[in-house]
Amino acid sequence: MKIKNKITFIFVILVASMQLVIFSIIYFFAVEYRTDEFFEKLKKRTLIAEQSNFEKDALSVEIYEELRRKHLQILPDEKEFIFNISTPLKDIRLKTQINIPQKFYSDLINKSYAEAKAGKSFFSGLKYKDQNSNYLIILTANDDDGINELSNLRTLLIFLFLLNIIVLLLLGRFFAKRALDPLTKIIEKVNNIRVTNLHERLQTTQNKDELSQLASTFNGMLDRLETSFDIQSNFINNASHELKNPLTAILGQTEIALLKERSPQEYTKVLEGVETEALRLDALINSLLKFAQTENDEKGLLITPIRLDELILEVKGNIDLINPDNNIEIDFNDFPENPDLLVIEGNYGLINIALNNVLDNASKFSDNKKVIVKIVTNTSAIKIVVTDQGVGIPTDEIKNIYQPFYRAANVRNVKGYGFGLPLTYKIMKLHSGTIEVFSEHKVGTIVTLIFPNKHQNFSISR
Amino acid sequence: MKTILIPTDFSEKSLQLIKNAVLHFPEESIQIVLATGYQTSILNWSTKSKLVSIIADKKFYKLLSDIKLEHGSKISNVNIDLYTGKTNEAFKAFLESNNIEDAIIPKNKLIQFPNNKCFDICDLIHSFSPNVSSVDYESDENSPPKRSKLFSLKNQFSLKKLIIIN
């Protein structure tokens, strides 16, 4: 069943049942009221009958009869009976030809006044005490008017009820349709989005309603899809390009070398060239493998406590070996006093790679200008802040820096594969941390590696 | 030590201009004056600081203290000030009283002001401050301008279609 129909259905059922209850109450009270009223009428007539039949004064009897004739209309099927109190119920029934209820009779004997209703007939009875004997005055009549009135009311209520159900059905459908219309449109729109028009987005409004949220959720999903699509297509592109370069160089060198006979020195030179390129290929494929490993090995990592200050010193030592001219300065001024706050949980090898990438980039892209490394902690995070004075990243390219093989336009002349930051990003994600890169083109870059602070409680109580 | 003037609109995003300042002056330690224009006739210093604490929200202060922490030895001090003057001379006096030597301004305008008494002083800085560097800056498009509750409430009741798909 469609939600639209479901909503309409529930709406109709709810309101209709509420109405049913209200209408039933109205009808019930109308019946009660009408019955009471008719009994009241009957009682008055019984009293009048008593007066007219048993009053000694002949004059007043006449007046009563007159009154009765003039002012009180005769009720439908109105009959008046007078019995001696000793008459049994069976005889009364026989004489009146009416099935008088047993309860009415016993009430009448015991309480001197009784009323009852059987079928259409209403009964009202009075026990009259004369000096000599007691009499029972019984009046019976049918309330035809009341029955008519009530049946009119019933028809009216039933008609109103049915009419209301139809109105409710239409209204319910209309509002359900109106409420779900945007949803239908979202469905249509989302159905139309294919690989070719992945850039299209649903329009959202400022309203924080659920549909707007749904639209933004879809948009978020489309954003992620589009990025990952882009990344994938670029990855294959860039990877094949990077892999092809060394191969082209090797092929070119060997082809030229094979054109004619060469001296051993020339062969050695060519082989050396081939070796360089092969080494480049090897390094590239190694980093590709590392990248793939971090992607797959999320669970099989060895997690140990790592002291960040020691790690930084070790990474700096490594970089010193490869690039002795670097100018990496470790700023100990803001190091937290509590050494526990320098400890994070993680995979030593991976974090080493991550930090190595960041520091290597910082000195590589700044021509070995000063790079400042520091560790700061606050209640929620432990951060390694690396500030360099390098070439920076152009603003419009900063969103691409986590894509494998992506290289900003301004660093084409610096050696690299475009692997460092994507790998670091992935490693940080693995350790439930993040990496923040703030950069100004031609001025410098601030890279912040943020690890969650596991000693949170401790540092707060301090 | 250099004193650097940075305009702010009290959005978290605008605090990234401090990072720009850190990058621009790598060698010396800096003192930062965050400032915004504010239309008021009250010039008392203590009311000014009270006003600032009303205008700026907790997230702003949290991020500010984070940035101060991250560049602790670099940034010696961050002052938040309101420029309440109206004339060019008043602005020059404002620069002088704060000993401004440098300024960082965004290329785009600051727009996320918390109320409409605040005004952008980038143009003033551009015209009068010594050594202005303008930097790339994009304000957060996602965070809606504040004080739009009434508007969205109105939206809820309007018969307009809530989502129109382009």
Side-chain angles (χ1 to χ4, degrees), chain A residues 178-179 181-186 188-190 192 200-212 214-216 331-335 366 369-372 374-381 383-385 387-390 392 394-396 398 436 438-446 448 450, chain B residues 12-13 15-30 61-76 104 106-108 133-138 141-166:
Chain A
R178 220 183 82 85
D181 228 20
L183 208 61
T184 323
K185 286 193 175 164
I186 288 176
E188 269 173 24
K189 180 80 180 174
V190 173
N192 282 334
E200 281 185 32
R201 293 290 178 271
L202 306 174
Q203 193 164 336
T204 54
T205 51
Q206 286 284 319
N207 283 344
K208 288 263 157 59
D209 59 21
E210 286 82 352
L211 288 172
S212 185
L214 182 70
S216 350
D331 180 353
F332 288 100
N333 286 336
D334 298 312
F335 266 35
S366 67
K369 283 194 197 128
K370 194 165 90 179
V371 174
I372 299 170
K374 55 183 3 186
I375 303 178
V376 294
T377 55
N378 65 11
T379 48
S380 58
K383 301 179 185 176
I384 302 177
V385 185
T387 313
D388 71 50
Q389 304 164 34
T395 315
D396 50 339
I398 206 154
E436 272 176 19
F438 177 81
S439 184
E440 193 182 335
H441 190 27
K442 290 180 181 155
V443 178
T445 307
I446 304 172
T448 317
I450 304 170
Chain B
E12 288 164 64
K13 184 84 180 178
L15 285 174
Q16 75 171 47
L17 292 171
I18 298 180
K19 291 188 180 175
N20 285 100
V22 171
L23 289 177
H24 272 261
F25 305 97
E27 298 302 336
E28 58 247 276
S29 73
I30 53 177
Y61 279 119
K62 167 95 176 38
L63 190 64
L64 181 59
S65 69
D66 272 3
I67 291 177
K68 269 202 295 204
L69 184 73
E70 279 167 32
H71 305 281
S73 49
K74 183 101 202 124
I75 304 172
S76 62
I104 304 270
K107 277 180 189 155
N108 305 356
S133 340
S134 45
V135 297
D136 285 331
Y137 175 83
E138 263 173 52
E141 280 169 25
N142 292 337
S143 67
K146 290 169 189 175
R147 303 197 312 145
S148 61
K149 269 179 196 160
L150 191 72
F151 180 67
S152 61
L153 200 66
K154 236 198 281 175
N155 261 357
Q156 295 288 349
F157 287 105
S158 75
L159 277 170
K160 214 170 55 182
K161 291 269 160 72
L162 296 181
I163 295 179
I164 307 149
I165 289 159
N166 51 356

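Because only heavy atoms are used, hydrogens play no part in the values below, and waters and symmetry mates are left out as well, while side chains stay in.
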- Task: Say whether, by atom type as modelled, one donor and one acceptor occur between the side chain of B:Asn108 and the main chain of B:Tyr137 under 3.5 angstrom.
- Result: yes
- Query: Are the side chain of A:Ser439 and the backbone N or O of A:Gly444 linked by a donor-acceptor pair below 3.5 Å?
  - Reply: yes
- Contact class of A:Glu440 relative to chain B, heavy atoms under 4.5 angstrom: both
- Answer with side chain, backbone, both or neither: which region of A:Lys369 has an atom nearer than 4.5 Å to a non-hydrogen atom of chain B? neither
- Query: Of the listed residues (A:Val385, A:Thr448, A:Ile446), which shares the most heavy-atom pairs with chain B below a 4.5 Å separation?
  - Reply: A:Ile446
- Message: Regarding A:Ser366 and A:Asp388, do their side chains bring together a donor and an acceptor under 3.5 Å, going by distance alone?
- Response: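 Distance-only check fails for A:Ser366 and A:Asp388.
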- Measuring heavy-atom distances to chain A, does B:Glu27 have an atom under 4.5 Å in its side chain, in its backbone, in both, or in neither? side chain
- Query: Are more than 12 heavy atoms from other residues, nucleotides or ligands located less than 6.0 Å from atom CD of A:Glu210?
  - Reply: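 Not buried by this count: 12 neighbours or fewer within 6.0 Å.
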- Query: For the candidates B:Asn20, B:Val135, B:Val22, which exhibits the highest count of non-hydrogen atom pairs separated by less than 4.5 Å from chain A?
  - Reply: B:Asn20
- Message: If the condition is salt bridge (charged side-chain N to carboxylate O under 4.0 Å, His left out), which residues does B:Asp66 pass it with, not counting sequence neighbours?
- Response: A:Lys383, B:Lys62
